[in-house]
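The block underneath contains the structure these notes are about, expressed in structure tokens.
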Amino acid sequence: MTNNNKAIKPELLTRYAKDFNADRANLVAANAAVSAGVLEAATDYKGQRSLPRDFSIELKQGSITNQRRSGRCWMFAALNTLRYELMHKWGLDDFEFSETYLFFWDAMEKSNTYLENVLATLDEPTDSRLFQEINYGPADDGGWWQMFATLVDKYGLVPKSAYPESANSKDSDAFKQYLNSRLRQFTADLRERHAAGASIDELRLVKEDDMSTVYRMCAIALGEPPEKFDFLARVSDDDKKDERKNAEKASEDKSDKPKTGKDERRQIRETGITPMEFYKKYVPVDVDDLVTLCNVPMASRPFNMRYRIRYTANVAEAEDMEFVNVPLDVFKKAAVDQISAGHPIWFACDCTQFALRSAGYFDCDSVRVDQLFGTDFDFDKAHGLEYGDSPSNHAMTITGVNLDEQGKPNRWKVENSWGKDNGVDGYYVASDAWFDRYVTEIIIRKEYLDDATRALLTTEPVELDPWQPLTKRCR
């Protein structure tokens with residue numbers, strides 16, 4: 001028998017429509033939203049004008065990068081922090097690492113870790129929550145800073161010239177679809193062999209053969225990564241420092257020497273250098289000397305504790321992802337201190353909330369969907385995370401902050417990896433209120449942690465299951 005109490009009653013629909021059409025604001029809002037879309041219709045020029053694009057502290061970065069149609073934001077943001085340090089140590093005008101190089105090894109390592117997780121849960125029912133979590137997107141894009149660090153520790157880094165983009169790194173869906181499909185077939189085979197009595201040693205030999213197929217698929221899709229490469233860069237600082245000397249010399253030397261367009265800047269040249277040698281020699285940052293702070297104000301995730309999320313490693317022999325949850329004031333002070341000292345910040349957020357992609361704003365006062373729809377959107381940060389409304393989904397880089405007269409931040413400069421045609425030349429401005437509400441993770445050098453937070457790094461982490469809310473992978 002049908003329960004009519006559950007249905008939307010026709011008389012209610014009539015009332016809803018009558019109320020809607022009786023309000024002039026609804027009609028104006030509908031015209032705007034239907035014609036221009038929700039975000040355009042909700043854009044508030046006053047909010048935008050309250051966020052000028054100048055910053056009291058601003059870091060000089062290289063050319064804007066573009067992850068295209070791939071979930072590599074976490075790699076791009078991480079490499080953008082490192083290239084800043086490399087450029088300014090070595091006096092380069094511009095530089096970009098190869099994101100595709102780490103993308104190759106991430107696909108390999110995620111595949112291996114997935115199969116190892118399968119071997120660790122052979123007796124788990126396929127419809128259990130744990131197996132469903134493990135089996136969801138075995139080698140999908142997406143990640144955290146710590147995933148990036150484990151890849152760099154194992155494989156090093158290369159410049160983009162040594163391993164450029166491919167069609168499948170720029171648009172990864174088809175490659176990852178079929179890689180995931182093959183991995184799940186391997187899983188079914190391993191579980192069936194286990195049920196037939198195969199030992200774990202026998203199964204691991206099968207897994208090693210399976211990984212040869214994974215390597216072949218990655219190499220076909222992306223090309224094989226280099227074991228060694230050549231590197232050449234020109235040092236811009238030498239040229240600038242010598243400008244005055246050259247001008248003085250020219251005024252003294254009146255000889256009519258012919259001028260040429262030859263680039264006389266000092267060169268950095270390497271022949272046959274390995275990715276690990278390049279990382280150790282040219283990157284003045286130890287990727288393991290940074291800590292993931294999160295600000296998750298949920299009652300079930302107390303502050304000033306260290307958390308570890310099970311089954312989140314991308315490299316099988318590495319640790320699962322760990323996070324130190326701190327109050328907002330500690331979180332923001334660490335960010336201000338690091339950016340003020342001249343170091344960019346990797347951060348994770350929900351980039352879909354109150355965001356104007358083309359105009360380049362992250363700000364609730366600039367995206368007035370509350371006014372457009374005539375209803376409040378007032379979930380606080382804790383509720384947004386607990387109910388899955390605003391989990392982290394994108395990583396970017398903070399390259400500037402504006403401090404008011406009291407030294408407090410009121411807006412942040414954000415370097416994105418969506419190309420120069422999004423935002424203003426690829427950069428966004430985020431209001432401080434938006435930062436408070438939607439930024440969940442920042443990566444901080446240990447020297448900018450206070451003593452109490454640094455002490456938490458030696459405490460035993462609280463283990464969470466992968467479906468328990470804290471933070472999510474960025475894509």
Side-chain angles (χ1 to χ4, degrees), residues 36-37 39-40 43 48 51 53-55 58-87 92-104 106 140-143 145 148 157-176 221-223 344-363 366-367 392-400 411-430 434 438-439 473-475:
L39 293 180
E40 289 293 329
T43 299
Q48 293 181 332
L51 289 173
R53 295 177 184 275
D54 48 31
F55 305 87
E58 194 167 5
L59 308 185
K60 183 182 178 183
Q61 181 60 294
S63 301
I64 207 71
T65 57
N66 195 341
Q67 68 186 80
R68 309 278 180 178
R69 295 175 58 85
S70 70
R72 297 177 291 162
C73 65
W74 56 289
M75 291 181 182
F76 274 77
L79 291 172
N80 283 340
T81 65
L82 295 193
R83 70 170 176 150
Y84 170 88
E85 306 290 354
L86 180 151
M87 285 167 52
L92 307 184
D93 278 333
D94 204 359
F95 179 83
E96 187 173 351
F97 287 103
S98 169
E99 299 87 4
T100 311
Y101 176 75
L102 292 185
F103 188 59
F104 179 99
D106 184 60
D140 273 358
D141 294 358
W145 169 273
F148 166 78
L157 293 166
V158 306
K160 194 156 195 164
S161 58
Y163 194 48
E165 295 276 19
S166 74
N168 295 300
S169 62
K170 292 186 286 188
D171 188 349
S172 61
D173 280 353
F175 164 48
K176 288 301 182 73
L222 303 171
I345 300 169
W346 186 104
F347 77 100
C349 65
D350 182 355
C351 72
T352 66
Q353 298 283 358
F354 300 93
L356 297 175
R357 179 166 181 156
S358 59
Y361 291 93
F362 295 120
D363 177 38
S366 296
V367 187
S392 53
N393 51 38
H394 188 53
M396 296 177 282
T397 310
I398 296 172
T399 59
R411 59 183 178 273
W412 304 78
K413 184 177 183 180
V414 175
E415 177 190 10
N416 207 343
S417 55
W418 291 343
K420 65 179 182 179
D421 293 331
N422 286 288
V424 175
D425 295 326
Y427 287 91
Y428 286 62
V429 57
W434 187 92
Y438 295 109
V439 174
R473 282 199 288 179
C474 297
R475 300 172 189 272

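Values reported hereafter were calculated over all heavy atoms of this structure, with side chains retained and with hydrogens, waters and symmetry mates removed. All residue numbers refer to positions in the sequence shown, counting from 1.
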Let me know which of F362, W412, W434 forms a side chain to side chain contact (heavy atoms under 4.5 Å, CB included) with V439.
-> W434
The residue among H394, M396, E99 that forms side chain to side chain contact (heavy atoms under 4.5 Å, CB included) with C73 is H394
Exercise: identify the closest heavy-atom pair between K176 and D140 = NZ-C, 3.8 Å
Rounded to the nearest 0.5 Å, how far does CZ of F97 lie from CG of L82?
-> 5.5 Å
Are the side chain of N393 and the backbone N or O of C351 linked by a donor-acceptor pair below 3.5 Å?
-> yes
W346 side chain to W74 backbone, donor-acceptor under 3.5 Å = yes
Any chance you could measure F347, atom CZ, to Y438, atom OH, to the nearest 0.5 Å?
-> 14.0 Å
Flag yes if more than 12 heavy atoms outside D425 fall under 6.0 Å of its CG atom; otherwise flag no.
-> no
For the residue pair Y163 and Y101, does the interplanar ring angle fall in the parallel (under 30°), tilted (30 to 60°) or perpendicular (over 60°) class?
-> perpendicular
Under the side-chain contact (heavy atoms from CB on, under 4.5 Å) rule, what do Y428 and N422 come out as? Steps first, then yes or no, please.
-> CA-CA 9 Å; Y428 286 62; N422 286 288; 3.6 Å; yes
Do you know which of I64, T65, L79 makes side chain to side chain contact (heavy atoms under 4.5 Å, CB included) with S417?
-> T65
Would you confirm whether R72, through its side chain, and Q67, through its main-chain N or O, come within 3.5 Å as a donor-acceptor pair?
-> yes
When every non-hydrogen atom of S172 is compared with those of G71, the smallest separation belongs to OG-N, 4.3 Å
Nearest atoms (heavy-atom pairs only) where T397 meets P344 | CG2-CB, 3.8 Å
Shortest non-hydrogen contact from L222 toward F104 | CD1-CA, 3.7 Å
Just how far is it from atom CE of M75 to atom OG of S98, taken to the nearest 0.5 Å?
-> 10.0 Å
Identify the two heavy atoms, one from T352 and one from D350, that lie closest to each other, and give their separation to 0.1 Å.
-> OG1-OD1, 2.7 Å
Pairwise distance CD(E415) to CD1(I345) - rounded to 0.5 angstrom = 12.5 Å
Scan side-chain atoms only and decide if T100 and E165 contain a donor-acceptor pair under the 3.5 Å cut-off.
-> yes
Would you say F55 and T399 make side-chain contact, with heavy atoms under 4.5 Å?
-> no
Just checking, is any N or O donor in the side chain of S70 or D141 under 3.5 Å from an acceptor N or O on the other one?
-> no
Close side-chain approach of L92 to R83, heavy-atom, < 4.5 Å | no
S358 to E40 - nearest heavy-atom pair and separation = OG-OE2, 4.4 Å
Below 4.5 Å, heavy atoms only, C-beta onward: do S366 and F354 meet side chain to side chain?
-> no
Compare all side-chain heavy atoms of Y361 with those of R53 and state whether any distance is below 4.5 angstrom.
-> yes
Do L356 and Q48 have side chains that get closer than 4.5 Å, going by heavy atoms?
-> yes
Interatomic distance, CG@D363 vs OG1@T43, rounded to 0.5 Å, equals 11.0 Å
Any side-chain heavy-atom pair of T81 and F148 under 4.5 Å | no
Side chain proximity check, S166 to F175, heavy atoms < 4.5 angstrom | no
Looking at side-chain heavy atoms only, is the closest gap between L157 and L102 below 4.5 Å?
-> yes
